[in-house]
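See structure below.
In this text the structure is predicted, and so the values were computed from the model without any measurement. Worth knowing before you read on, the calculation uses all heavy atoms, side chains too, and leaves out hydrogens, waters and symmetry mates.
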Amino acid sequence: MNKRIPHWADVTLVPLVSVLLAFAISAVLIWAIGESPWEAVKLMVDGAFGSSYGWGYTLFYATNFMFTGLAVAVAFQARLFNIGGEGQAAIGGLGVALVCLYIPWPHWTLALLGASVGAALFGALWAFIPGYLQARRGSHIVITTIMFNFIAASFLNYMLVSFLRPQGSQDPSSPRFPDAAALPKLHEILGLFGIPFSKVPPVNISLLIAVALCFAVWWMLWRTRLGYQIRAFGASEPAAQYAGISPARITIVVMLISGGLAGMMALNNVMGEQERLVLNAVEGAGFIGIAVALMGRNHPFGVFLAAILFGFLYQGGAELALWTGIPRELIVVIQALVILFTGALDNMVRVPIAKLFSLRRAG
Amino acid sequence: MDMATFAQVLDSTLRLATPLLFACLAGLISERAGIFDIGLEGKMLAAAFLAAAIAYVSGNVWLGVLAGIAISVFMSLIHGVASITFRGNQLISGVAINFLAAGITVVIAQNWFRQGGRTPSLTGDARMAPIDLPFADALADVPVIGPIYGIFSGHAPLVYLAFLCVPATWFLLFRTRFGLRLRAVGENPAAVDTAGISVIGMRYGAVAICGVLCGLAGAYLSTGLSAGFVKDMSAGRGYIALAAMIFAKWRPWHAMGAVLLFGLLEAVANRFQSIEVMGLALPIQVMQALPYILTVVILAGFVGRAIPPRAGGSPYVKEH
């Protein structure tokens, strides 16, 4: 009954086939609205990877998705579905804004440190309540995190309109952060090594933080006691409990880590790009984290690769909208199909692949 | 607040509660059969688009409503195939459906109408005309009774249908054999299977009904409540409906109460910038967040515990 797939095929073949299916359906959609899928792919690849300008935007978006993808992946490891990345990232933005606006930082390095703490703390706090309610009161974490996304949006709106907005301004956004809190852009960093890079894209030092976090999360999950407990809990709650792991503690700790990671996305978009807090700064990146984590098989390295892929889709999609009649929302469709095939229709892809392997073994 | 404003707020409460009620009952039936559905939002959005598009092209709102139902049922079946046949994660499938609808409606709307992802405004027979209840005109000038009757009169047919769906759902679930089996499938599918009834069939049935109701919700949104489709017009209503369902603890009559409360909150938030309750000025954002906050409180079990159907969310695997 239980047909085994070799591990290498499980982590490469299954997601790859799922993504190809998602792309194939998207191609049919592009064709159906009277555009050429081949031309679209060429435009997207060229727009995302054809210049350092394109690369800059691709990496900027990928940075966002690494943070939110890691957030979802860590929770999935404990078999918790955190849909609240969107809200946690938004509240993380509030943390960044408060730290940058109200503390006079002498240098960006210190500001970055302070903002990281603020972002992680606020994001973690926003995830703590659903985590606590799941652990202690048994409220379904999926529903509570969805509700907290909406509560976050209203709360942020209220904070911006009533407190952070400068006097006399109509625009619901905070004042600009001081210059000392401006993060170095990638072209400045690469400039130190004499590598020329476009000055336009907002990609900044948070990219390096995101990459470092991918490594840190891997270390945490596979090299520490906590990581072992998280994975054991995810594999089997009764077994973990029998081994003396407290389900309530793991649930809360995992949600704190997950929310902290999602909150830290604000370093990239709020501190790095906008340099002020605006309404709806997250723009769906929290949800893309779900697709990224599913595609990356909840492994930090997979998340890294999937984040780059979605960065490419985002930047390529923007170019597509600029030069053709295909709106940006096409990317949302691709994202939905990736979630559908890698997440919900996993068995549809897995079972035929498993059959192929068992045929090969038999023959 | 004077009498006329009061009547206006209640009037719009009924209209705003209608899409919530359809979607809430849709989710209720699906979850009673053990299929979690967080894709209500997406199905509603897809139905809103296709209903408006077909109503515009054909000039007949009822063709639009049928088209809305059809697309919503189709998306329900995707959810069914993923979560029943392939035993996938129902929550992930629901998320996928929400994004699928959010993206594809704009892509196709832009392709068909070239108006930045919206449909042209609906006029005349392409929009849902209100029904005046009998004697509404004659009673209008009668004090007290007139204005109250006026609140209930003059709504689109789907408003009345939505409220008729409440006793209908109750009857279906609690007074028919189908309903008994449907609830059993959500609580203890193995027992239903032992009795020789197809768990898969029952669940597909529930998912299809859910699709029809979400289709009505969406169609009303774009042809009744508004006059045309705009991008993301469901605006989280699918999630509010989900909240109402939990708030009502999966019971039809309570669901009506919950959506009326949430509809009232929305109507008040639309009408006033801030509202004073016992000398305390509540900002509008609190009104907007209140349905979600209330749901979290209910879920946390501080005010009566909300316990979902026991087999909810898990695919049924027949024993061998």
Side-chain angles (χ1 to χ4, degrees), chain A residues 1 29-30 32-35 81 83 129-130 132-133 136-140 142-144 146-159 161-162 284 287-288 290-291 294 325-351, chain B residues 36 38 42 78-79 81-83 85-112 114 116-117 231 236 239-240 242-243 246 283-293 295-296 298-302 305-308 313 320:
Chain A
M1 167 68 203
L29 178 66
I30 294 175
I33 61 174
E35 303 274 349
F81 188 7
I83 308 195
I129 310 168
Y132 174 83
L133 291 176
R136 299 280 178 215
R137 315 283 313 182
S139 338
H140 204 300
V142 170
I143 305 291
T144 39
I146 290 175
M147 300 297 139
F148 266 71
N149 282 339
F150 286 100
I151 300 172
S154 291
F155 178 62
L156 208 60
N157 186 327
Y158 175 70
M159 290 299 286
V161 170
S162 307
F287 294 122
I288 293 165
I290 300 169
L294 285 172
I326 306 171
R328 260 194 106 146
E329 278 72 12
L330 178 72
I331 303 310
V332 182
V333 177
I334 300 180
Q335 174 196 344
L337 292 169
V338 168
I339 294 177
L340 189 67
F341 284 110
T342 56
L345 287 171
D346 191 56
N347 281 335
M348 191 180 89
V349 178
R350 187 178 295 273
V351 171
Chain B
F36 280 165
I38 54 176
I78 297 181
H79 186 55
V81 168
S83 57
T85 304
F86 286 104
R87 295 172 200 155
N89 186 320
Q90 300 171 3
L91 300 163
I92 294 177
S93 166
V95 171
I97 280 170
N98 287 340
F99 287 122
L100 190 61
I104 212 161
T105 48
V106 179
V107 171
I108 295 182
Q110 175 62 13
N111 185 246
W112 285 0
R114 311 255 166 224
K231 181 183 161 177
Y239 296 112
I240 297 211
L242 210 59
I246 295 163
I284 185 169
Q285 291 91 348
V286 173
M287 309 289 296
Q288 285 161 347
L290 212 51
Y292 307 111
I293 296 173
T295 305
V296 172
I298 286 283
L299 269 173
F302 295 127
R305 209 169 174 80
I307 298 163
H320 288 275

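Contacts of I129(A) with chain B are absent, with no heavy-atom separation under 4.5 Å from either backbone or side chain. Of the two parts of L294(A), only the side chain, counted from C-beta on, holds a non-hydrogen atom closer than 4.5 Å to a non-hydrogen atom of chain B. With a threshold of 4.5 angstrom between heavy atoms, I83(A) approaches chain B through side-chain atoms but not through N, CA, C or O. At a 4.5 Å heavy-atom cutoff, I240(B) makes no contact with chain A through either its backbone or its side chain. Within the 4.5 angstrom heavy-atom criterion, only side-chain atoms of I38(B), from C-beta onward, approach chain A.
Taking V161(A), L330(A), I146(A), I326(A) one by one and counting their heavy-atom pairs under 4.5 Å with chain B, the maximum is reached by I146(A). Interface remark: of the candidates I290(A), I151(A), V142(A), I151(A) forms the most heavy-atom pairs closer than 4.5 Å to chain B. Note: G103(B) leads G88(B), G103(B), A243(B) in heavy-atom pairs under 4.5 Å with chain A. Comparing T342(A), I143(A), L337(A) by how many heavy-atom pairs each has under 4.5 Å with chain B, the most go to I143(A). Taking chain B as the reference chain and counting heavy-atom pairs below 4.5 Å, the highest number among F341(A), Y158(A), F148(A), F155(A) is found for Y158(A).
Q288(B) has its side chain out of reach of F150(A): every pair of non-hydrogen atoms, C-beta onward, lies at least 4.5 Å apart.
Remark: side-chain polar atoms of S93(B) are not paired, donor with acceptor, to backbone N or O of N89(B) under 3.5 angstrom. With hydrogens and angles ignored, the 3.5 Å screen pairs no side-chain donor or acceptor of N157(A) with any backbone N or O of Q285(B). A donor-acceptor contact shorter than 3.5 Å is absent between the side chain of S83(B) and the backbone of Q90(B).
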Check your understanding: side chain to side chain contact (heavy atoms under 4.5 Å, CB included) between Y239(B) and N98(B): does it pass, once the steps are laid out?
Key -> CA-CA 11 Å; Y239(B) 296 112; N98(B) 287 340; 2.8 Å; yes

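Not a single side chain to side chain donor-acceptor pair (under 3.5 Å) links Y292(B) to another residue, sequence neighbours left out.
Every pair tested for side-chain hydrogen bond (donor to acceptor under 3.5 Å, both in side chains) that includes a residue from residues 99-111 of chain B fails, sequence neighbours excluded, so the list is empty.
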